[in-house]
Each structure stands twice: as C-alpha cells, then as structure tokens.
Amino acid sequence: MNNIRALILTEYGGPSAIKISSIEAPTAGEGQVLVRVQAAGVNGLDWKVREGYVRDAFPLQLPTVLGIELAGVVEAVGAGITQLRKGDRVMGPRGGLGAYADLVAVDEANLTLMPDSLSFLDAAALPVASVAAWQSLNFAGPVQAGQRILIHGAAGGLGGFAVQYAHQAGAVVFATTLEAHADYVRGLGADHVIAYDKEQFEASARDIDLVLDYVGGEVLNRSWSVLAEDGVIVSTASPAIQANTPAGRRGLWFMNTPDAARLQSIAEDVAHGRLQSKVNAVVRFDELPEAIERNRTQPQIGKTVVNFSL
Ligand SMILES: NC(=O)c1ccc[n+]([C@@H]2O[C@H](COP(=O)([O-])OP(=O)(O)OC[C@H]3O[C@@H](n4cnc5c(N)ncnc54)[C@H](OP(=O)(O)O)[C@@H]3O)[C@@H](O)[C@H]2O)c1
C-alpha cells in the first residue's frame, strides 16, 4: 500500500482536533490529475472548518483532510485528461477540502500551469486569495475608475490583492489595517489608509460606493453608515450579511468559485512584477496545526505557506 502524509480533521474543535496521519494515496479519477504537492496556502477557512463554524455551508464527513489550495507537479493523469501531462508544474484550488496531503487528486479544470519563473511557494499563495479578491471586487458590478471603495482587512490575503486591483482600475481606495501594516498597504496603492487601532474608519471614509468586508462582525455592522445611498457591501467573511442587511440597503454574501483562466492571468502578473503577492511565513508540514491557529489569533500581512519539502 502506498501511504502518504495528510493533515486530518478528526472532530470539530481547537488546535488538537487536527493531526498529521498516514493515509492511503488517492488515485486520479476521470477528469482529474494526481498532483504531488510541493506547497499549500494556509487560509482562514482552515480554522473555521476546524471549529465547525461553517459546518452548515460545508457539511463534512469526518475524518477529512484539510487544505484548499496547492501547487505541485502532476504525478499521473486520469481518464479524459486533455491538457495536462505528467511532470507539469501546476497550481490551483483543490475545489473543496483536501490539499494538505502529499498526493491530491484535483479536477483538471481547477488547475493552471505555473509560469516558469514562479516558485511553488509563491504559486501556493495565489489560488484562493487572488481570485476571490478579484471576484469579490467585481461581484456587485465591474470595478470602475473613480469609484470610492473601502477595503476592510486590506493587509490580509484577499485585501492585499483587492487594494491593487482597485487601484489599478482607477478607484479611490480606502483601506483599514493595523498601524504597523499601514506602509505595506499604502505601497499596494491605497489612497487613504486608516489604522483601525488608532482611529475609527467612520471618521474619514464617507460616501463609499463599495465596501469589501474581509473581516466581518462589528466591522461589517459599522460599515452601513459610511455607504453612499446606492452603495453596496460585499462580505466574504460574514454570511450573516444576508439576514442582517438593513431595509433599503444592499448587502451581498460572496462565495468564490474556481476560475483557472483568471488564476493564470494573475499568476503571469505576479511572475512579471505587475502584481505583488506577499508570502509572509513559510512553515513545515508538521507546523501546520500551529500555523492554522496563528491565522485565527494573530493574522499577519499576506499569506502563510507550507513547504512540503522542509
Ligand atoms: N466567502 C469566500 O468565498 C471566501 C474566500 C476566501 C476567504 N474568505 C474569508 O474572507 C476573509 C479574509 O480572508 P483572508 O484570507 O484575506 O484572511 P487573512 O489573510 O487572515 O486577512 C484578514 C486581515 O484582516 C485584518 N483585520 C483583522 N481585524 C481587522 C479590523 N478590525 N479591521 C480591519 N482589518 C482587520 C488583518 O490585518 P491586520 O493585521 O492589519 O489587522 C488580517 O490581515 C476571511 O474571513 C476568510 O475566511 C471567504
């Protein structure tokens, strides 16, 4: 039997609910390729799944393998594969859970060839955050020059990309972050950086056409007051926006979907320096449980990535 490492969620709970186990290697089904994973990105969804916060949205049969995005090398292809071949360097969302394992079967449609100059570590940071940022920015309608956009969580995985896309589109970008991360967010192109540990965003953000809520909770609740009359809030963090949008206001819950073509174009932009992608921490596979918990307790700028070769 060919066994591999995998990070398994055994029951909903705290950090001890996940552990590294040895499981039987998967095979590639029809329309799938088997990827030997070199690196994977850590996401907020990891701890939310672990705690059971999203068990209604993602009903799971436990135990299950965690992880939602990866970069690696095609090890084998299943029936019906037309584009990818053994040895190709690929990146993409897993499309569901299961990326934290040495070998992962992924739908070919989710995967993108990596630009030659991109490392596995840089590639693993892109599939979810960079595409979700693009999709959420354009979810309520295409981003437009002159639009006033407030981005909460601007230093995070999604926020860092959304600030750059909005700036490049000619929007006026307001961005909230810790004062310690203000220079980083300014460097991404934010016009007005609001240090939320020093000031209330309501003091300077007004007549906002679009709020991108990457934080949720009271940050979302307070954001209605800064919206222009026909403004909209798009939240990736708080599904409660659907039930709690005040009468006469527009609030949208966003869920990302795989988009290999978009990922390819973003990866080319990163590889050629047209977009910044920040990998802030690289951890070993056995450090994953701590890294997932750190994402919950001390979010950092950019992304944490696990290097499977360390
Ligand atoms: N619905 C979907 O399809 C989807 C897809 C991807 C992600 N998500 C969710 O979207 C959210 C963002 O994801 P992510 O990967 O970007 O998370 P992340 O990398 O952990 O970033 C979140 C950022 O929020 C900032 N933050 C914390 N408290 C804040 C506050 N009070 N005001 C402003 N910023 C604050 C932190 O920056 P500072 O250090 O500057 O505080 C942190 O960098 C998460 O809730 C994630 O689960 C949803």
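Not measured: the values here are computed from a predicted model. Remember, it's 1-based here, ligands and their atoms both numbered in the order they're listed.
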Enquirer: Quick one: name the residues clustered hydrophobically with V305, using the 4.5 Å side-chain heavy-atom rule over I, L, V, M, F, W, Y, and just say none if it's on its own.
Expert: L121, V279, V282, L310
Enquirer: Do you reckon L227 sits in the same ILVMFWY cluster as I194, going by side-chain contacts under 4.5 Å, direct or chained?
Expert: yes
Enquirer: How close does the nearest protein non-hydrogen atom get to atom 17 (O) of ligand 1, and which residue and atom is it?
Expert: G157 N, 4.4 Å
Enquirer: Give me the nearest non-hydrogen protein atom to atom 16 (O) of ligand 1 as residue plus atom name, then the distance to 0.1 Å.
Expert: L158 N, 2.8 Å
Enquirer: Using a 3.5 Å cut-off on N or O atoms only, is L178 in polar contact with ligand 1?
Expert: yes
Enquirer: Please classify the N295 to ligand 1 contact at 4.0 Å (heavy-atom distances, strictly less than): side chain, backbone, both or neither.
Expert: side chain
Enquirer: Students should be able to answer this: which protein heavy-atom is nearest to atom 22 (C) of ligand 1, and at what distance?
Expert: G156 CA, 4.2 Å
Enquirer: For atom 33 (C) of ligand 1, grab the closest protein heavy atom and report residue, atom and distance to one decimal in Å.
Expert: T176 OG1, 3.2 Å
Enquirer: Is it true that the side chains of S204 and H192 contain a donor and an acceptor less than 3.5 Å apart?
Expert: no
Enquirer: Could you check L84, V35, V90, V74 and say which one makes a side chain to side chain contact (heavy atoms under 4.5 Å, CB included) with V106?
Expert: V35
Enquirer: At less than 4.0 angstrom from any non-hydrogen atom of A237, what atoms of ligand 1 do you find?
Expert: 45 (O)
Enquirer: To which protein heavy atom is atom 46 (C) of ligand 1 closest, and what is the distance rounded to 0.1 Å?
Expert: K48 NZ, 3.7 Å
Enquirer: Nearest 0.5 Å, please: how far is OG1 in T176 from CD in E199?
Expert: 10.5 Å
Enquirer: What residue and heavy atom of the protein are closest to atom 24 (O) of ligand 1, and at what distance?
Expert: G153 CA, 3.4 Å
Enquirer: Taking the inter-plane angle between the rings of Y53 and W47 on a 0 to 90° scale, is it parallel (under 30°), tilted (30 to 60°) or perpendicular (over 60°)?
Expert: perpendicular
Enquirer: For ligand 1, which atoms have a heavy atom of T177 less than 4.0 angstrom away?
Expert: 40 (O)
Enquirer: Is there a path of hydrophobic side-chain contacts, each under 4.5 Å between heavy atoms, that joins V234 and I208?
Expert: no
Enquirer: Which protein non-hydrogen atom lies closest to atom 9 (C) of ligand 1, naming both residue and atom, and how far is it?
Expert: T236 O, 3.5 Å
Enquirer: Tell me whether ligand 1 is touched by W253 - counting only heavy atoms on the residue side and a distance under 4.0 Å.
Expert: yes
Enquirer: Hey, is K303 touching ligand 1 through its side chain, its backbone, both or neither, going by heavy atoms under 4.0 Å?
Expert: neither
Enquirer: Does the side chain of S223 reach to within under 4.5 Å of the side chain of D213, using non-hydrogen atoms?
Expert: no
Enquirer: How does F254 reach ligand 1, by side chain, by backbone, by both or by neither, if only non-hydrogen atoms under 4.0 Å count?
Expert: both
Enquirer: Below a 4.0 angstrom heavy-atom separation, can you tell me which part of N256, side chain or backbone, both or neither, approaches ligand 1?
Expert: both
Enquirer: Show the atoms of ligand 1 that are less than 4.0 angstrom away from any heavy atom in Q300.
Expert: 43 (O)
Enquirer: How does V219 reach ligand 1, by side chain, by backbone, by both or by neither, if only non-hydrogen atoms under 4.0 Å count?
Expert: side chain
Enquirer: To the nearest 0.1 Å, how far is atom 27 (C) of ligand 1 from its closest protein heavy atom, and which atom is that?
Expert: Y196 OH, 3.6 Å
Enquirer: For A237 versus Y214, what's the shortest heavy-atom pair and its separation?
Expert: CB-C, 3.8 Å
Enquirer: Quick one, S130 and Y165 - any side-chain contact, counting heavy atoms below 4.5 Å?
Expert: yes
Enquirer: Kindly confirm or rule out a cation-pi arrangement of R148 over F174, judged by NZ or CZ under 6.0 Å from the six-membered ring centre and within 45° of its axis?
Expert: no
